[in-house]
Amino acid sequence: MSNELQGMKVAILAADGVEKVELEQPRAALEQAGAHVEVLSLKAGEIQARNHDLEPAGTFDVDRAVSEAAVGEFAGLVLPGGTVNPDKLRLDGAAVSFVRDFVVSGKPVAAICHGPWTLVEAGVVVGRTVTSYPSIRTDLRNAGAHVVDEEVVVDGNLITSRSPRDLPAFCETVVKQFAHAPTG
């Protein structure tokens with residue numbers, strides 16, 4: 001266990017329909033590096049997870065509603081995928097504002113698979129180079145992003161990845177980028 005993120009507080013923003021491994025594996029990597037991870041959602045309680053979007057995969061406890069959180073409390077943000085999860089997030093004003101404010105703050109924001117959909121709604125991909133699951137690449141292009149098909153893409157404070165098969169590289173990059181993030 002490394003301690004490169006010791007003392008850092010990181011948020012994972014997710015809703016019902018989150019792809020289980022895309023929340024579990026980044027959270028485990030961040031915690032193994034010493035970070036304190038808080039799961040935020042649209043409301044307190046728990047969220048329903050999925051495997052491959054369709055199969056129920058249990059639940060995750062939510063630490064608190066995103067409407068009760070402030071960007072200043074966290075050193076980094078992770079946006080897992082699953083198609084339903086970001087679709088719910090992008091319809092919630094508090095979630096979209098939180099994501100927008102996080103990106104504008106310069107702190108790192110990591111999104112995998114369908115997670116970048118929320119970045120589109122937040123209006124923060126214009127001129128940025130990103131990757132994602134193939135089915136949302138047109139949405140990213142239409143929002144002004146330069147889309148590439150790579151395992152992990154880092155553009156400034158944005159970290160994006162394509163799918164669960166990229167999780168090892170995504171998690172490694174997230175820990176590395178969060179370790180070098182601005183604080184405060």
Side-chain angles (χ1 to χ4, degrees), residues 10-30 37 39-42 47-60 66 76-93 95-100 102-104 107-178:
V10 174
I12 295 178
L13 177 58
D16 286 331
V18 66
E19 187 70 23
K20 182 179 182 179
V21 296
E22 293 175 11
L23 191 154
E24 264 181 350
Q25 289 185 26
R27 178 171 65 183
L30 290 161
V37 178
V39 176
L40 305 177
S41 191
L42 305 179
I47 53 175
Q48 299 290 319
R50 294 283 183 262
N51 285 330
H52 313 290
D53 279 327
L54 302 173
E55 304 160 17
T59 61
F60 289 106
V66 66
L77 172 63
V78 176
L79 300 170
T83 57
V84 174
N85 164 48
D87 200 48
K88 288 181 179 289
L89 292 176
R90 66 188 186 152
L91 292 174
D92 183 86
V96 172
S97 292
F98 185 77
V99 170
R100 181 183 307 110
F102 223 104
V103 174
V104 169
K107 295 177 183 182
V109 176
I112 187 166
C113 204
H114 288 78
W117 246 349
T118 311
L119 299 174
V120 168
E121 194 66 33
V124 295
V125 296
V126 176
R128 305 297 288 269
T129 300
V130 297
T131 194
S132 71
Y133 194 75
S135 67
I136 69 165
R137 290 180 185 163
T138 298
D139 296 339
L140 287 161
R141 282 188 204 95
N142 289 342
H146 173 66
V147 181
V148 296
D149 183 10
E150 296 176 17
E151 191 174 50
V152 179
V153 175
V154 177
D155 182 340
N157 63 326
L158 287 184
I159 305 151
T160 53
S161 215
R162 300 173 299 196
S163 72
R165 74 176 179 272
D166 297 327
L167 276 164
F170 179 71
C171 292
E172 180 182 334
T173 303
V174 166
V175 169
K176 179 180 163 193
Q177 294 297 312
F178 281 28

List the residues meeting ring pair (Phe, Tyr, Trp, His ring centres under 6.0 Å) with [X], not counting sequence neighbours, and say none if there are none.
X	result
F60	none
F170	none
F178	none

Heavy-atom closest pair, residues [X] and [Y]:
X	Y	result
N157	K107	ND2-O, 2.8 Å
D16	I47	OD1-CA, 3.2 Å
A57	R50	CB-C, 3.6 Å
W117	D139	NE1-OD2, 2.7 Å
S161	D166	OG-CB, 3.3 Å
A143	V120	CB-CG1, 3.8 Å

Can you list everything that forms a side chain to side chain contact (heavy atoms under 4.5 Å, CB included) with [X]? Sequence neighbours excluded, please.
X	value
E150	V148, V153
P116	A111, L119, S132, I136, L140, T160
V66	L13, L40, D92, A94, A95, F98

Just verifying a value: how many Å separate [X] [atom1] and [Y] [atom2], rounded to the nearest 0.5 Å?
X	Y	atom1	atom2	value
E172	Q177	CD	CD	11.0 Å
T83	H52	OG1	NE2	13.0 Å
E24	E19	CD	CD	10.5 Å
K20	Q25	NZ	CD	10.5 Å
E22	C171	CD	SG	10.0 Å

* Check step by step if side-chain contact (heavy atoms from CB on, under 4.5 Å) holds for D53 and V84. => CA-CA 8 Å; D53 279 327; V84 174; 5.6 Å; no
Main-chain N/O of [Y] paired to [X] side chain as donor or acceptor, under 3.5 Å:
X	Y	result
N85	A14	no
R162	C113	no
E121	V96	no

State, yes or no, whether a side-chain contact exists between [X] and [Y] at a heavy-atom distance under 4.5 Å.
X	Y	value
V10	L77	no
L42	L89	yes
I112	L167	yes
V18	P80	yes

* Asked: Can L79 and I12 be said to form a side-chain contact (heavy atoms from CB on, under 4.5 Å), step by step?
  -> CA-CA 6 Å; L79 300 170; I12 295 178; over 6 Å; no
* Verify side-chain contact (heavy atoms from CB on, under 4.5 Å) between V103 and L158, making sure each step is shown before the conclusion. => CA-CA 8 Å; V103 174; L158 287 184; 4.0 Å; yes
Residue list, side-chain hydrogen bond (donor to acceptor under 3.5 Å, both in side chains) with [X], at least two apart or on another chain:
X	result
R137	D149
R90	D87
S163	R165
N51	none

* To do: Among residues two or more places apart or on two chains, list those pairs meeting ring-ring contact (aromatic ring centres under 6.0 Å, His included) that have a residue in residues 150-169.
  =>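 Passing the test, one end in residues 150-169: no pairs.
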* To do: Enumerate the residue pairs fulfilling ring-ring contact (aromatic ring centres under 6.0 Å, His included) with a member in residues 121-142, sequence neighbours excluded, ordered by first and then second residue.
  =>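 Listed by first then second residue: H114-Y133.
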* To do: Apply side-chain contact (heavy atoms from CB on, under 4.5 Å) to the pair T173 and V154, showing each step before the final yes or no.
  => CA-CA 8 Å; T173 303; V154 177; 3.6 Å; yes
